[in-house]
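Here is the naming used below: chain letters follow the sequence lines, and residue numbers restart at 1 for every chain.
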Number of protein chains: 2
Amino acid sequence: MPFRPFENQNCSIARAAEIFTERWTMLILRELFLGRQRFSEIKRNTGVASNILSDRLQVLVDQGIVVRVEEDADGQSVERYVPTKKGIDAQPILLAMLSWGDKYAAPDGPPRVLYHEDCGHEIHAKVVCDHCGGDLKAGNTRLRPGPGANRRQKSAGEFLPHR
Amino acid sequence: MPFRPFENQNCSIARAAEIFTERWTMLILRELFLGRQRFSEIKRNTGVASNILSDRLQVLVDQGIVVRVEEDADGQSVERYVPTKKGIDAQPILLAMLSWGDKYAAPDGPPRVLYHEDCGHEIHAKVVCDHCGGDLKAGNTRLRPGPGANRRQKSAGEFLPHR
DNA sequence: CGGACTTAGTTGCATTTTGCAACCACCTGT
DNA sequence: ACAGGTGGTTGCAAAATGCAACTAAGTCCG
């Protein structure tokens with residue numbers, strides 16, 4: 001019986017959080033994006049218990065975030081869990097955590113640095129406006145009720161994301 | 001006695017996840033960024049139990065992500081939990097979840113839409129290279145060991161974040 | 001062929017974390 | 001004085017997690 005503490009919130013953050021803030025899930029996705037996509041690799045590299053890993057992978061498969069594929073590598077059949085487009089689109093969440101962790105929780109400097117193939121440079125992920133390309137910062141964004149807002153959200157009107 | 005399942009991983013994603021993937025923490029931060037910073041407001045809007053809310057706020061304060069301030073609003077003293085710079089720098093994580101949720105978990109359209117004050121447009125958060133401004137996608141980034149890498153990470157060399 | 005080893009899990013039980021309801025101290029308005 | 005709100009704390013039950021043991025299938029080695 002799955003538990004859905006956020007289910008009656010009409011909120012995209014809540015709905016994403018419901019999946020991605022389950023314990024171990026971000027670490028599992030890190031492994032998948034690093035190309036370590038086999039059950040035993042994930043288990044070894046994260047330290048997650050096998051029953052939990054089994055459960056989390058099942059959730060990700062059920063949500064269409066990863067698919068379980070059986071490949072044939074030199075005569076042996078191996079299982080891989082590979083991210084779908086829906087999963088790949090969650091990479092910004094990982095990158096945002098990576099950036100924050102590098103800045104605030106890496107006493108000896110970043111354990112890993114990210115390189116951008118297109119320009120060859122070491123990068124730090126940055127969140128911008130997809131329309132004008134300008135920085136998105138605490139002070140320069142507003143939230144307004146959208147098409148999917150419920151009555152309460154509509155009447156609440158506009159918010160500043162931060163004050 | 002706090003529980004630290006990720007503590008022996010030299011990984012910035014793990015260290016960020018340890019804080020931000022605790023249950024309710026993302027919803028609490030959402031409230032704080034929406035300007036609803038009082039204990040009772042957060043409780044009402046998220047539905048979190050008061051003992052849990054108390055615990056999570058304490059963790060955020062201990063980590064220096066928010067500060068508890070006592071303000072004087074027309075004669076009444078009210079407590080507010082307000083994000084520090086360290087907290088505001090976590091906004092990209094929220095925005096990334098918001099984008100993903102709007103795209104994949106908003107059957108009636110986004111409950112809220114984000115507007116960029118600088119250009120006046122409705123926006124979707126996008127993650128880019130801070131050097132050249134190009135998109136960061138699954139296929140065009142690489143991770144290499146950084147200054148804080150441990151021996152095992154150094155010897156592992158370069159990874160593709162996704163294949 | 002038998003035995004040891006690896007992979008991909010499942011099962012059962014103990015420990016931790018969470019949810020819930022009740023309670024408390026303090027403040028404010030009537 | 002008393003009702004109601006704020007900002008919590010406490011105790012107990014329910015759920016999630018961690019751990020070790022186990023299974024089933026396939027591989028490697030002699």
*Quick one: A:Arg44 CZ to C:dT7 C1', roughly how many Å, whole number?*
10 Å

*Ignoring hydrogens and geometry, is there a side-chain-to-backbone donor-acceptor pair from B:Trp100 to A:Gly87 under 3.5 Å?*
no

*Using atom CZ of A:Arg68 as one end and atom P of C:dA8 as the other, report the distance to the nearest whole Å.*
8 Å

_Listed nucleotide nearest any side-chain atom of A:Arg23, set C:dT17, D:dG8, D:dT6_ = C:dT17

*Hey, does the side chain of B:Trp24 come within less than 4.0 Å of C:dG19's phosphate (OP1/OP2), counting only N and O?*
yes

_Short of 4.0 Å, heavy atom to strand atom, which residues of residues 50-60 of chain B count as contacting DNA chain C?_
B:Asn51, B:Ile52, B:Arg56

Distances under 3.5 Å between nitrogen or oxygen atoms of protein and nucleotides 24-29 of chain C:
none

_B:Glu22 CD - D:dT17 C1' separation (whole Å)_ = 14 Å

*Scan for side chain to side chain donor-acceptor pair (under 3.5 Å) pairs involving residues 49-60 of chain B, sequence neighbours excluded, and state none if there are none.*
B:Gln58-B:Asp62

*Write down the distance between CD (B:Glu18) and P (C:dT16), rounded to a whole number of angstrom.*
17 Å

_Show every ring pair (Phe, Tyr, Trp, His ring centres under 6.0 Å) that has at least one partner inside residues 36-71 of chain B, sequence neighbours left out._
none

*Is A:Pro145 close to B:Pro111 at the side-chain level, that is, under 4.5 Å between some pair of heavy atoms?*
no

*Note, A:Gln9 side chain near B:Arg30 side chain (heavy atom, < 4.5 Å)*: yes

*Whole-Å gap separating P (D:dT6) and CD (B:Gln37)*: 16 Å

*Kindly give the heavy-atom pair with the smallest separation between B:Pro147 and A:Val113, and that separation in Å.*
CD-CG1, 4.4 Å

*Using salt bridge (charged side-chain N to carboxylate O under 4.0 Å, His left out) as the criterion, list what pairs up with A:Lys126, not counting sequence neighbours.*
A:Asp135

*Listed nucleotide nearest any side-chain atom of B:Phe39, set D:dT17, D:dG8, D:dT6*: D:dG8

*Rounded to whole angstrom units, what separation is found between the CG atom of B:Leu27 and the C1' atom of C:dG19?*
15 Å

*Length of the line joining A:Tyr81:OH and C:dT7:P, which is rounded to integer Å*: 14 Å

*Quick one: hydrophobic cluster around B:Val128, which other residues, with the 4.5 Å side-chain cut-off, linked directly or via members?*
A:Val128

_Just to verify, which of B:Glu41, B:Arg68, B:Arg38, B:Glu31 counts as forming a side chain to side chain donor-acceptor pair (under 3.5 Å) with B:Tyr81?_
B:Arg68

*Rounding to a whole Å, what distance do you find between A:Arg38:CZ and C:dG9:C1'?*
13 Å

